[in-house]
Amino acid sequence: MKNKTYNRKKAMVVFFCAVLLISALFGRLVYLMIFDAAHYQKLAKDLHERERKIKAARGEIVDRNGVVLATNRTVCTISVIHNQIKDPEQVIAVLCQELGEEEENIRKKVEKVSSMEKIKTNVEKETGDRIRNLDLAGVKVDEDFKRYYPYDTFASRVLGFTGGDNQGIIGLEVKYEEVLKGTNGTILTVTDARGVELEKVAEDRIEPVAGNTLQISLDHNIQKYCEQAAKKVHEEKQADSVSVLLMNPQDGEIFAMVNTPEFNLNTPFELIDVDENTEQTDEQTQEMLNQMWRNPCINDTYEPGSTFKIITASACLEEGVVSLSDTFSCPGYRIVEDRKIRCHKVGGHGQETFIQGIQNSCNPVFIDIGLRLGAEKFYAYFKQFGLLSLTNIDLPGEAGTIMHNVEDIGLVELATISFGQSFQVTPVQMATTVSSLVNGGYRVTPHFGVAVLEKDGTEIRKLKYKKKNGIVSEKTSETMRILLKSVVEEGSGKNGYIEGYSIGGKTATSQTLPRSANKYISSFIGFAPAEDPQVLGIVVIRNPQGIYYGGTIAAPVLRSIYDNVLPYLGIEKN
């Protein structure tokens, strides 16, 4: 009787344990099926669905006339799916032969157990088509896009280039990334438990959306004129580099921006002018690439020298501390405090008017008027003219002006600033500031971007830029146009003169730091027509060999450019 009771209790315990276990399992099943269903549906989806990206075609970059400067070429991405490969050795052999890769690298990727392994990107379409036609199990060939620049080195530091993922790295390519990049699409396929794609199950496909076209102000023909002229003087003078910038001083549109030597946009990681036998560390190579990609027109500063006298003269005329009839005496130097500051003409210019002073590019004349203006007012005009701010050009990495703090400007500093030494600016800053002083007195924003277009050329939106009025009075601006015209016709800028055309400008020759290195920068700023400027250019030649005076070697470069560009722009001779 006792055993029966014991067995009954034991059976009840087992029964209740079984009920509890079944209830727990049932509860867990209910939780998984109802409350955690989404999680496991996602796991199942991930297990049985495979997603491949379809890259969007990047938008083109076209010049002001519609000439295509950056476009796309169809390339292929080769991948392998481990579970679908039937003959690994054949796959390895074919991919090694077609892609020119080491067997060890291919084998490692083919034998790797993964849902999909990318073998190589940016494969030429012909190669991709050959691999696809072999119909190798487990090998996927997807079409892709690679950026292509039809003119190789053309405006390399302006256009910039893209990386392996088609994302902009430098230049307009990165500045207008949001306009150009587009939206990638996807291909979604279904697989069985082994990861093999099911052929009879339809794939989902989301089509990519191509990027928009960017139209820029750069003119293909004008850029070529400038490149030819810059390359010629670069070779003749064995200079370190030459920069040329042409813009419309009325609205800030840039017609051309050249920096020699240019690099090839289709092979941007190949160094130029480097001995292949020279061994370099990865860090050294990267530093050299960074230097090669720099745009000296906007990234590098320099002492402007006598071209800055345009700014000094404008400030002094605006403030009324000098008039055109004022006379000066130049014995060939000026003593300021304990410094003897020389004129470029050792014997001096003797008695001269202010007009003759600017024609002769006489340092003592500009020292005198700079001292009349004083440090505080000079500094106030720097701000008013926009010299102490960025131009906000639509290229990345613009450098700012390197200028003394106003409290640190003594008489010697003020004297040297007056004729363009002891501080540094960028070429684009000089071109923009001079534009505002000769266009009637308003500051424009230098820019390349003009409009965003559909692929068929339909305009989506016009790009707009700020203008700032009140830089100088119209009277001062008109006076500067007259003075700078006389510099080209009668003064130091004679080598920039073209018969039949009215051209204003100013030359400069500045010495780089350290002064003991005896290296110079020759430059010239010129605009035409002088009475109503429609184009303004700056030429900067860094470290020319032999004769280095701006009036001798820089002015003729802009003259040769204007010989072609002025008729091309429809600017007729008088």
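Quick note: residue numbers are just sequence positions, from 1. All values reported here derive from a predicted model rather than from experimental measurement.
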Give a yes or no on whether a salt bridge exists between K181 and E177, defined as a side-chain N under 4.0 angstrom from a carboxylate O. no
Under 4.0 Å between a Lys/Arg side-chain N and an Asp/Glu carboxylate O for K140 and E117? no
Any luck finding a side-chain donor-acceptor pair between S217 and E253 under 3.5 Å? no
Got a second to check how far R542's CZ is from S522's OG, nearest 0.5 Å? 11.0 Å
Mind checking the OG1-NZ spacing from T77 to K146? Nearest 0.5 Å is all I need. 11.5 Å
Counting distance only, does the side-chain N/O of D240 pair as donor-acceptor with the main-chain N or O of N543 below 3.5 Å? no
Would you say Q223 and Y151 are linked by a side-chain donor-acceptor pair, where the criterion is simply a distance under 3.5 Å? no
Assess, by modelled atom type and distance only, whether the side chains of Y442 and Q250 contain a donor and an acceptor separated by less than 3.5 Å. yes
Below 30° counts as parallel, above 60° as perpendicular, anything between as tilted: where do the rings of W293 and F269 land? perpendicular
Any donor-acceptor pair under 3.5 Å linking the side-chain atoms of D144 with those of N122? no
Pair D129 + K125: basic N to acidic O under 4.0 Å: yes
Whether R481 and E531 form a salt bridge (side-chain N of Lys/Arg under 4.0 Å from carboxylate O of Asp/Glu) is what I want to check. no
From I525 CD1 over to I310 CD1, what is the distance, rounded to the nearest 0.5 angstrom? 5.0 Å
Going by heavy atoms in the side chains, are F263 and F161 under 4.5 Å from each other? yes
Quick one: does S436's side chain have a donor or acceptor within less than 3.5 Å of a partner on T433's backbone? yes
Counting C-beta onward and ignoring hydrogens, is there a side-chain heavy-atom pair between I393 and K175 closer than 4.5 Å? no
Other residues, nucleotides and ligands only: do more than 12 of their heavy atoms fall within 6.0 Å of CD on Q291? yes
Do S156 and E262 have side-chain N/O donor and acceptor atoms under 3.5 Å apart? yes
In Å, rounded to the nearest 0.5 Å, how long is the span from CE of M257 to CD1 of I216? 10.5 Å
Check for a donor-acceptor pair, side chain of R58 on one end and backbone N or O of T162 on the other, with a separation under 3.5 Å. no
Quick one: pull up OH in Y568 and CG in N221 and give me the separation to the nearest 0.5 Å. 4.0 Å
Shortest non-hydrogen contact from R157 to P296? CD-CD, 4.0 Å
Do E398 and T426 have a side chain donor and acceptor closer than 3.5 Å? no
Q286 and D282: side-chain donor and acceptor closer than 3.5 Å? no
Hey, is the main chain of Y149 close enough, under 3.5 Å, to the side chain of N266 for a donor-acceptor pair? yes
What's the spacing between I106 CD1 and I92 CD1 if we round to 0.5 Å? 8.5 Å
Side-chain H-bond candidate by donor/acceptor type, Y176 with D394, under 3.5 Å: yes
Answer with yes or no whether the side chains of T71 and E60 bring together a donor and an acceptor at under 3.5 Å. yes
Pairs meeting criterion salt bridge (charged side-chain N to carboxylate O under 4.0 Å, His left out) with involvement of residues 441-469, two or more places apart: none
